[in-house]
Every structure is written in C-alpha cells, then in structure tokens.
Amino acid sequence: MKRLVVMLLVVVGCAFAQEPVKFRGAWIGQPLSDYVDCSSGKAKKLLHDYRTHGNICAGKRGIVFHTKTKGFMDPKTEGESYIFEDAKLVRITLLIPNEDWEKVKYDLSQKLGPPTSEVPEVYQNGFGARWEFSQGFWVKGDTVVVAGINVEHAGGIAIPRALGNSPATSGIQVTVTDAQHAKLPSTTPSTID
C-alpha cells in the first residue's frame with residue numbers, strides 16, 4: 001500500500017511539475033556547475049569558446065559569456081551571456097545580430113504567449129531628430145523577458161551610424177530573468193505599508 005501511495009505521489013508530482021522555460025538551452029535557476037567546474041576553487045570552463053568574469057566559484061556575482069562582433073561600418077554583435085549569483089543562473093542575455101524584430105517577437109510569443117506590453121523606445125540625436133524602436137515585455141509564471149532593438153546611445157542620445165543620420169544599432173537584445181531579479185512591483189516591499 002505504501003508503494004502505491006508513493007508511486008501515486010510521484011506520478012501526480014510529475015504531472016504538475018512545470019518544465020523551466022529554456023532559452024538556447026539555459027533556464028533561470030540553472031546551476032553554475034553546468035557551465036563551470038569549481039572543484040579546484042578556480043573556474044574551469046566546461047563550454048568551448050565561453051569566457052568567465054567575476055569570482056563565480058566563491059558564490060559571488062559573475063558572468064559566463066560568448067559574444068562576437070561582425071562588420072566594420074555597421075557592426076552587429078551576437079552571442080549570449082549568463083549572469084550567476086550564489087551559483088544559480090539569474091539572468092540570460094541573448095544578442096541576435098539581425099534586426100528582424102517581427103521574427104523575434106513571433107518566437108517569444110510562441111514560447112511565452114502574447115507580450116504583456118509593447119511600447120516603443122524613443123531616441124533622438126543632438127539635433128532633435130527622433131526615432132522609435134520596437135521593444136516588448138513578456139511575463140510567464142516567474143519568467144520575465146524584455147526584448148528590443150539594441151540602439152547604441154550615450155546618455156539617452158542616439159549615436160549615429162558611420163554613414164547616414166539614423167542611429168547605430170547592433171541587433172536585438174533579449175534579456176531573461178525572474179520576477180525577483182526584475183524587481184517587479186509584486187516582489188518588492190510595499191511603499192505605503
């Protein structure tokens with residue numbers, strides 16, 4: 001009888017266990033040991049072409065990343081970076097070199113449902129010309145995603161392309177985290193209590 005109860009609990013637990021939302025194979029809460037071997041006390045990368053930054057083996061905040069930039073006059077950056085705290089993945093940043101916002105938005109909507117919010121990000125140059133770039137915000141369970149065209153800027157003023165007047169862009173950036181690290185209003189203390 002005990003075995004039957006245990007098996008029933010395992011089956012019910014598996015039925016209600018939710019698979020984490022994965023982005024390029026990574027998910028929020030993933031252990032550092034999937035990326036870095038810390039058994040010697042010093043970070044030994046487990047993935048080829050990835051680099052580390054920070055004292056991640058001591059449980060401090062650190063990054064495991066792989067990025068590359070292509071192009072001379074209009075460079076685009078691609079790759080990913082994973083930020084760890086206390087040996088757990090807390091933020092994923094994907095850099096997509098193309099600017100096919102509709103495709104990225106479609107892919108995110110297929111994975112997470114329709115965006116919670118879509119408000120364009122507005123930039124202007126030193127002469128007052130304005131540009132709007134698409135961006136979106138998704139929430140599914142505890143997963144929070146912000147995505148948009150990555151505009152090169154300094155202090156809110158768009159940096160122009162090498163040739164032309166429109167702002168320089170380096171592709172699309174997708175940032176994935178959880179509600180706690182995104183500091184959503186529901187996860188922060190009340191300001192009126």
Side-chain angles (χ1 to χ4, degrees), residues 14-38 43-57 59-71 75-121 133-152 169-188:
C14 289
F16 288 109
Q18 191 173 7
E19 182 74 21
V21 181
K22 295 182 180 179
F23 296 85
R24 294 190 182 162
W27 67 91
I28 299 301
Q30 187 174 12
L32 175 64
S33 60
D34 288 354
Y35 295 88
V36 177
D37 177 8
C38 291
K44 180 182 175 192
K45 301 172 291 188
L46 299 177
L47 300 172
H48 182 66
D49 288 340
Y50 280 72
R51 294 180 280 177
T52 61
H53 181 72
N55 196 0
I56 55 179
C57 286
K60 305 258 191 265
R61 188 177 187 120
I63 303 171
V64 176
F65 62 99
H66 175 260
T67 59
K68 57 186 170 183
T69 303
K70 294 180 181 178
K76 304 290 182 208
T77 304
E78 67 179 302
E80 54 271 348
S81 67
Y82 307 104
I83 297 178
F84 290 87
E85 280 182 9
D86 300 322
K88 297 284 183 200
L89 183 57
V90 296
R91 180 179 298 149
I92 302 167
T93 302
L94 307 176
L95 302 171
I96 303 164
N98 66 32
E99 293 179 16
D100 188 355
W101 170 249
E102 291 304 317
K103 174 64 174 143
V104 172
K105 181 178 153 184
Y106 172 81
D107 292 344
L108 286 169
S109 295
Q110 290 297 306
K111 186 178 284 280
L112 303 167
T116 305
S117 172
E118 281 186 88
V119 178
E121 193 166 9
F133 291 92
S134 298
Q135 67 176 0
F137 180 76
W138 286 261
V139 177
K140 181 177 183 181
D142 198 36
T143 303
V144 178
V145 177
V146 177
I149 296 176
N150 197 11
V151 177
E152 302 296 324
T169 59
S170 59
I172 296 173
Q173 180 173 320
V174 178
T175 303
V176 182
T177 190
D178 60 8
Q180 176 187 358
H181 288 91
K183 294 184 172 52
L184 292 181
S186 61
T187 63
T188 57

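Counting from 1, the numbers follow the sequence of the chain as shown.
- At least one donor-acceptor pair closer than 3.5 Å links the side chain of Thr177 to the backbone N or O of Val90.
- A search for side chain to side chain donor-acceptor pair (under 3.5 Å) contacts involving Asp100 returns nothing, not counting sequence neighbours.
- In this structure the side chain of Pro115 reaches within 4.5 angstrom of the side chain of Ser109, judged on heavy atoms.
- Not one N or O on the side chain of Gln135 forms a donor-acceptor pair closer than 3.5 Å with the backbone of Ile149.
- By the side chain to side chain donor-acceptor pair (under 3.5 Å) test, Asp34 is found to be paired with Gln30, residues two or more places apart in sequence or in another chain being considered.
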Q: Show your reasoning for whether side chain to side chain contact (heavy atoms under 4.5 Å, CB included) applies to Leu108 and Val145.
A: CA-CA 9 Å; Leu108 286 169; Val145 177; 4.1 Å; yes
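- The closest side-chain heavy-atom distance from Leu94 to Phe23 is below 4.5 Å.
- For Ile96, the side-chain contact (heavy atoms from CB on, under 4.5 Å) partners two or more places apart in sequence, or in a different chain, are Arg24, Asn98, Val104, Ile172, Val174.
- When every heavy atom of Ala147 is checked against every heavy atom of Trp138, the shortest pair comes out as CB-CZ3, 4.0 Å.
- Atom NE2 of His53 and atom OG of Ser81 lie 11.5 Å apart (nearest 0.5 Å).
- In this structure Arg51 satisfies the salt bridge (charged side-chain N to carboxylate O under 4.0 Å, His left out) test with no other residue, sequence neighbours excluded.
- For Lys22, the salt bridge (charged side-chain N to carboxylate O under 4.0 Å, His left out) partners two or more places apart in sequence, or in a different chain, are Glu19.
- To the nearest 0.5 Å, atom CD1 of residue Ile28 and atom CD1 of residue Ile92 are 4.0 Å apart.
- Residue pairs that meet the ring pair (Phe, Tyr, Trp, His ring centres under 6.0 Å) test with at least one member in residues 84-121, sequence neighbours left out, are Tyr35-Phe84.
- Residues satisfying the salt bridge (charged side-chain N to carboxylate O under 4.0 Å, His left out) test with Lys140, not counting sequence neighbours, are none.
- Sorted by first and then second residue, the pairs that involve residues 83-97 and meet salt bridge (charged side-chain N to carboxylate O under 4.0 Å, His left out), not counting sequence neighbours, are Arg61-Glu85.
- Qualifying ring pair (Phe, Tyr, Trp, His ring centres under 6.0 Å) partners for His66, counting only residues two or more places apart in sequence or in other chains: Tyr50.
- Looking at heavy atoms from C-beta onward, Glu80 lies out of side-chain contact with Thr93 at the 4.5 angstrom threshold.
- The existence of a salt bridge linking Lys111 and Asp107 is excluded, since no basic side-chain nitrogen approaches an acidic carboxylate oxygen closer than 4.0 Å.
- Within the 4.5 Å cutoff, the side chain of Leu32 has heavy atoms near those of the Ile56 side chain.
- When all heavy atoms are compared, the tightest approach of Asp178 to Val144 is C-CG2, 4.0 Å.
- Looking at residues two or more places apart in sequence or on another chain, you find no side chain to side chain donor-acceptor pair (under 3.5 Å) involving Thr67.
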